[in-house]
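Atoms considered below: every heavy atom in the structure, side chains included; atoms not considered: hydrogens, waters and symmetry mates. Letters go in sequence order (proteins before strands), and every chain restarts at 1.
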There are 2 protein chains.
Amino acid sequence: MKLSEGVEWGAHCAVLLSVLPSGAALPAGRLAEYHEAPVAYLAKHLQALSRAGILEAVPGPHGGYRLARPATGITLLEIVEAIDGARPPFRCTDLRSRGPAGVPASQFRTMCGIHRAMVEADELWREHLRTVTVADLAVGAASGSSPEAVEKFVNWFQEVLP
Amino acid sequence: MKLSEGVEWGAHCAVLLSVLPSGAALPAGRLAEYHEAPVAYLAKHLQALSRAGILEAVPGPHGGYRLARPATGITLLEIVEAIDGARPPFRCTDLRSRGPAGVPASQFRTMCGIHRAMVEADELWREHLRTVTVADLAVGAASGSSPEAVEKFVNWFQEVLP
DNA sequence: GTCCCTATACTCGGATAGCAAGTGTCCGAGTATAGGCGG
DNA sequence: CCGCCTATACTCGGACACTTGCTATCCGAGTATAGGGAC
């Protein structure tokens, strides 16, 4: 079980975009440079975030990506589902109905116990990710960084912003 | 993000083995037949469960697999970790320390917020799976089955047990 | 008749191919800008 | 000098190779049994 690496990039990009001045956008190339990620591959994930209505793409010069909504309304779960897909990691193949002792699924009154436990665990996982917003992450990143880190960030920030 | 299909098979096999008479074992071939699973591939996962100390392998004729411990002490999480591995699905690549604004990890006072949220969510997921035991699953399966399903199961059961 | 030995058949165990999904990359479509030209 | 037009350069967007890890399979090592032979 492995979560796509693009989720991490997407989340970091969203946090970075959340501190941009209103209306400003950052192209995929800059975002990739900031995170040392392959440009084209990161762009692929940014497109997914754009399709999901999390980011907004601005074409042409001075274009790029920006948040489509306020950072307080974008949850980490949305980013995960936009990039990794919303399908749960466990897919019940309904083993109860197969084999020499199998009976049609309609004969069971309750959901398969294994399936149920997996769904519940998955729901807890998603529920927690739903409580974390991009704005929370931005605040946490700012308060957890050393002065030197903040300074380097501001320098880079003012350099890329025209 | 996809959980190995072997997890489902392993869990169902453990439940099935939990209702065996004490000391009896069921070979991989029977377990595969019961779940309509590829024999050799299922055997691979049973070996993993055996290595993890969940199942016990009995070689030779009349051998097979049986639970190595009481079903009340085997959690669903153990089965998942034995087959799928215990590594968390999200692997932080420490993006904070990279790129033009990166500083050494030692300069950060707190864990990366994204990483933290993912770890917490993963812990909730694992914690829930830890509360479900094979014994619980067996009880649930028995109480949720129709009389016909129980009858077919008992028939098959008495047939394969010498 | 009883005990022992051997051959057998059955079991698990690890090492070996095939395939799907994630990873990484490329080139084409569209647009705001900058410069040049005409009025 | 001002406005318009065109060419440009920059952006995103979807279609195309490659690698890792899950899926599936095979053959070899080890053991309890069943049968046969000797005593």
Side-chain angles (χ1 to χ4, degrees), chain A residues 1-10 13 17 23-33 35-66 68 80 82-87 89-91 93 160-162, chain B residues 1-10 13 17 23-33 35-66 68 80 82-87 89-91 93 160-162:
Chain A
M1 188 166 55
K2 181 171 175 285
L3 204 59
S4 170
E5 207 171 345
V7 168
E8 187 179 9
W9 296 339
C13 286
L17 292 176
L26 227 52
R30 292 294 183 186
L31 290 167
E33 163 196 335
H35 297 104
E36 280 186 7
V39 185
Y41 188 35
L42 176 64
K44 185 189 186 73
H45 294 308
L46 293 173
Q47 289 167 27
L49 290 171
S50 180
R51 270 193 299 268
I54 296 170
L55 298 188
E56 197 173 25
V58 181
H62 290 273
Y65 289 97
R66 63 185 172 204
V80 169
I83 292 176
D84 192 69
R87 286 183 306 179
F90 180 85
R91 265 92 95 179
T93 57
V160 299
L161 231 59
Chain B
M1 189 167 52
K2 182 170 174 285
L3 202 59
S4 171
E5 208 172 343
V7 169
E8 187 179 9
W9 295 341
C13 286
L17 292 175
L26 227 51
R30 292 294 183 187
L31 290 167
E33 166 196 333
H35 297 106
E36 281 186 7
V39 185
Y41 187 36
L42 177 63
K44 184 188 185 74
H45 294 308
L46 293 173
Q47 289 166 27
L49 291 171
S50 180
R51 271 194 297 270
I54 295 170
L55 299 188
E56 197 173 25
V58 181
H62 290 272
Y65 289 98
R66 63 186 173 204
V80 169
I83 292 176
D84 191 69
R87 285 184 307 181
F90 180 86
R91 265 91 95 178
T93 57
V160 299
L161 231 58

| said: With a 4.0 Å limit, can you tell me whether Ser4(A) has a side-chain N or O closer than that to the phosphate oxygens OP1/OP2 of dT23(C)? | reply: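 So the side-chain polar atoms of Ser4(A) do come within 4.0 Å of the phosphate oxygens OP1 or OP2 of dT23(C), strictly under.
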
| Looking only at atom types and distance, does a side-chain atom of Glu56(A) sit under 3.5 Å from a main-chain N or O of Ser50(A), one as donor and one as acceptor? |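 Side chain of Glu56(A) to backbone of Ser50(A): no pair is present.
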
| Just by modelled atom types, is the Ala24(A) backbone N or O under 3.5 Å from a matching donor or acceptor in the Arg66(A) side chain? |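 No, because the side chain of Arg66(A) does not come within donor-acceptor range (under 3.5 Å) of the backbone of Ala24(A).
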
| Position toward the 5' end of DNA chain C (nearest nucleotide), Asp84(A) or Tyr65(B) |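 Nearer the 5' end of the strand: Tyr65(B).
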
In whole angstroms, how far is the [atom2] atom of [N] from the [atom1] atom of [X]?
X	N	atom1	atom2	result
Glu5(B)	dC22(D)	CD	P	13 Å
Leu46(A)	dG13(D)	CG	P	9 Å
Glu36(B)	dT23(D)	CD	C1'	18 Å
Arg51(A)	dG14(D)	CZ	C1'	9 Å
Met1(A)	dA20(C)	CE	P	22 Å
Arg87(A)	dG22(C)	CZ	C1'	12 Å
Tyr41(B)	dA17(C)	OH	C1'	14 Å
Leu42(A)	dG13(D)	CG	C1'	14 Å

| request: Pull out every residue in residues 23-33 of chain A that has a heavy atom closer than 4.0 Å to any atom of DNA chain D, ordered by number, or say none. | output: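 Those residues whose heavy atoms fall under 4.0 Å from DNA chain D, taken from residues 23-33 of chain A in numerical order, are Pro27(A), Ala28(A).
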
| said: By nearest heavy atom, map Lys2(B) and Pro59(A) onto DNA chain D; which one lands nearer the 5' end? | reply: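 Nearest-nucleotide comparison on DNA chain D picks Pro59(A).
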
Using a 4.5 Å cut-off on heavy atoms from C-beta on, say whether the side chain of [Y] contacts that of [X].
X	Y	value
Glu5(B)	Phe90(A)	no
Arg91(B)	Lys2(A)	yes
Ser4(A)	Trp9(A)	no
Leu17(A)	Leu31(A)	yes
Pro89(B)	Met1(A)	yes

| field | Minimum-distance nucleotide (side-chain atoms of Ser50(B) versus dT25(D), dA9(C), dG13(C)) | value |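 Closest of the options to the side chain of Ser50(B): dG13(C).
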
| query | To the side chain of Gln47(B), which of dT31(C), dG13(C), dT33(D) is closest? | reply |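 That would be dG13(C).
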
| said: Under 4.0 Å, heavy atoms only, any strand: does Gly64(B) hit a base, just the sugar-phosphate, or nothing? | reply: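 Contact class for Gly64(B): sugar-phosphate only.
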
| message | Students often get this wrong, so: under 4.0 angstrom with heavy atoms, is Ala57(B) touching a base, only sugar-phosphate, or nothing? | response |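 Ala57(B): backbone/sugar contact only, no base atoms under 4.0 Å.
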
